[in-house]
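Below, chain A is the first sequence line, B the second, and so on; all start at residue 1. Computed from a predicted model, the values in this text were never measured in an experiment.
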Protein chains: 2
Amino acid sequence: MEDPCQAREVLGIVGDKWALLVVRMLKDGPRRFTELKRSIDGISQRMLTVTLRDLERDGILTRTVFAVMPPHVSYELTPMGRTLREATAPLLEWSITHLPLIAAARAEYDGR
Amino acid sequence: MEDPCQAREVLGIVGDKWALLVVRMLKDGPRRFTELKRSIDGISQRMLTVTLRDLERDGILTRTVFAVMPPHVSYELTPMGRTLREATAPLLEWSITHLPLIAAARAEYDGR
DNA sequence: CTGCATCCGTTCTGATACTG
DNA sequence: CAGTATCAGAACGGATGCAG
């Protein structure tokens with residue numbers, strides 16, 4: 001974990017605003033497209049599609065199509081995806097707990 | 001760590017490509033503007049300036065100006081910034097170790 | 001249901017030039 | 001040294017309509 005240049009490359013992948021949230025939503029098992037769409041507040045259909053395709057391309061998750069009517073597509077973390085999910089958990093937890101502090105710091109900064 | 005909506009808010013802050021790298025560069029103590037510019041490969045002066053200002057605004061780091069000639073500005077993590085750095089360490093470590101695997105997955109995907 | 005294609009306004013970024 | 005200002009091109013992101 002010494003090369004900042006490499007870190008930068010991967011942050012371009014996992015540092016995506018939506019990617020980490022998608023990974024998080026898949027932590028308890030496979031989910032369908034519409035389930036993800038509903039549970040990730042504010043994501044558009046387009047962004048979810050793009051994000052899922054990129055994550056599939058990077059080997060973070062798998063996409064399984066069931067040829068039934070109506071169509072049914074399931075997304076699931078790969079083993080590598082699960083290790084990513086573990087690596088991001090601390091950051092997400094930090095985010096939640098520090099949101100009020102950040103908001104306060106920002107308000108004070110803007111007040112000057 | 002249950003509200004995905006809140007998580008999304010903070011990811012807009014810390015999920016920034018450059019922000020995590022700046023935080024990482026400050027882990028061993030204060031650094032000057034030019035030091036950061038040199039050590040973060042590929043960042044433009046403008047992006048470093050913007051990133052630093054945002055992180056200062058959010059209470060992640062402090063900016064100290066020494067009124068000497070030539071000018072001297074020092075950036076240092078706040079206590080909150082240090083907890084953020086700890087929370088991001090696993091993700092950065094993951095990034096480094098999995099970069100080859102991601103590249104391989106991507107190459108295979110593109111080959112189809 | 002699960003997308004893809006297209007349009008189009010907004011935002012981001014780098015390059016460049018200039019300042020205290 | 002550490003910025004700010006400006007500009008133009010690139011990338012992002014949402015809305016809409018269509019398809020298997």
Side-chain angles (χ1 to χ4, degrees), chain A residues 4-5 8-22 25-26 29-58 60-77 109-110 112, chain B residues 4-5 7-9 11-22 25-26 29-58 60-76 106 109-110 112:
Chain A
C5 183
R8 182 180 147 232
E9 275 188 62
V10 183
L11 284 176
I13 301 166
V14 301
D16 179 74
K17 182 168 65 172
W18 301 118
L20 295 184
L21 293 175
V22 168
M25 291 314 302
L26 294 176
R31 290 288 181 274
R32 297 181 56 175
F33 185 88
T34 307
E35 285 183 286
L36 294 170
K37 175 85 172 60
R38 262 187 295 107
S39 56
I40 301 176
D41 185 63
I43 195 169
S44 67
Q45 185 181 56
R46 173 194 163 82
M47 282 302 99
L48 181 55
T49 300
V50 170
T51 301
L52 287 169
R53 181 156 16 87
D54 289 346
L55 289 175
E56 183 195 4
R57 180 171 177 248
D58 290 338
I60 305 298
L61 54 79
T62 58
R63 178 173 183 268
T64 308
V65 181
F66 297 90
V68 296
M69 194 60 190
H72 181 142
V73 181
S74 180
Y75 296 91
E76 183 170 18
L77 290 180
Y109 183 93
D110 291 344
R112 293 178 310 199
Chain B
C5 183
R8 184 178 146 228
E9 273 188 66
L11 283 176
I13 300 166
V14 302
D16 180 74
K17 181 170 66 173
W18 301 117
L20 294 184
L21 293 175
V22 168
M25 292 315 302
L26 293 176
R31 290 288 181 273
R32 299 181 55 173
F33 186 88
T34 306
E35 286 183 285
L36 294 171
K37 175 87 171 63
R38 259 188 296 107
S39 56
I40 300 177
D41 185 64
I43 194 169
S44 67
Q45 188 181 50
R46 173 195 162 81
M47 281 303 98
L48 180 56
T49 300
V50 170
T51 301
L52 287 170
R53 180 155 18 88
D54 288 346
L55 289 174
E56 183 196 4
R57 180 171 178 249
D58 290 338
I60 305 297
L61 54 77
T62 59
R63 177 174 183 268
T64 308
V65 180
F66 297 92
V68 296
M69 193 61 189
H72 182 143
V73 181
S74 180
Y75 295 91
E76 183 170 17
R106 189 176 288 193
Y109 183 93
D110 291 345
R112 294 179 307 200

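By the salt bridge (Lys or Arg N to Asp or Glu O under 4.0 Å) test, B/R57 pairs with A/D110, sequence neighbours left out. Under the side-chain contact (heavy atoms from CB on, under 4.5 Å) criterion, A/R53 pairs with A/T49, A/V50, B/Y109, sequence neighbours left out. Scored by the side-chain contact (heavy atoms from CB on, under 4.5 Å) test, B/T34 finds B/R38 as partners (sequence neighbours excluded). Partners of B/P71 under the side-chain contact (heavy atoms from CB on, under 4.5 Å) rule, at least two apart in sequence or in another chain, are B/M69.
Here D/dT4 presents its P atom at 11 Å from CG of B/L48, a figure rounded to the nearest Å. Between A/L36 atom CG and C/dC1 atom P there is a gap of 14 Å when expressed in whole angstrom units. One interatomic measurement links the two molecules: NZ of B/K37 to P of D/dG3, which rounds to 13 Å at whole-angstrom precision. Atom P of nucleotide D/dA11 and atom CE of B/M47 are separated by 15 Å, given to the nearest angstrom. Between the P atom of D/dC1 and the CZ atom of B/R31 lies a distance of 16 Å, rounded to the nearest Å. D/dG3 atom P lies 10 Å from atom CZ of B/R32, rounded to whole Å. Between the CG atom of A/D41 and the C1' atom of D/dG13 there is a distance of 16 Å, rounded to whole Å. Between the CD atom of B/E35 and the P atom of D/dG3 there is a distance of 13 Å, given to the nearest Å.
By the 30° and 60° cut-offs, the orientation of the rings of B/F66 relative to B/H72 is perpendicular.
Summarising the geometry of A/L48 relative to A/F33, their closest heavy-atom pair is CD2-O, 3.7 Å, with the distance given to 0.1 Å.
Here OH of B/Y75 is found 15.0 Å from CE of B/M25. Values are rounded to the nearest 0.5 Å. Between A/L26 atom CG and A/E35 atom CD the span is 9.5 Å, to the nearest 0.5 Å.
Comparing atom distances between the B/F33 side chain and each of C/dG14, C/dG3, D/dA2 picks out D/dA2 as nearest.
For A/S44 and D/dG13, the shortest distance from a side-chain N or O to OP1 or OP2 is not below 4.0 Å. Taking side-chain N and O atoms only, B/R63 has a distance below 4.0 Å to OP1 or OP2 of D/dG3.
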Sub-3.5 Å pairs of nitrogen or oxygen atoms, protein against nucleotides 5-8 of chain C:
unit_1 : atom_1 : unit_2 : atom_2 : d
C/dT6  : O4     : A/R46  : NH1    : 3.3

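Near-neighbour residues of DNA chain C inside residues 67-77 of chain A, defined by a heavy atom below 4.0 Å, number-ordered: A/P70, A/P71, A/V73, A/Y75.
For the pair A/L52 and A/L36, the minimum side-chain heavy-atom distance is below 4.5 Å.
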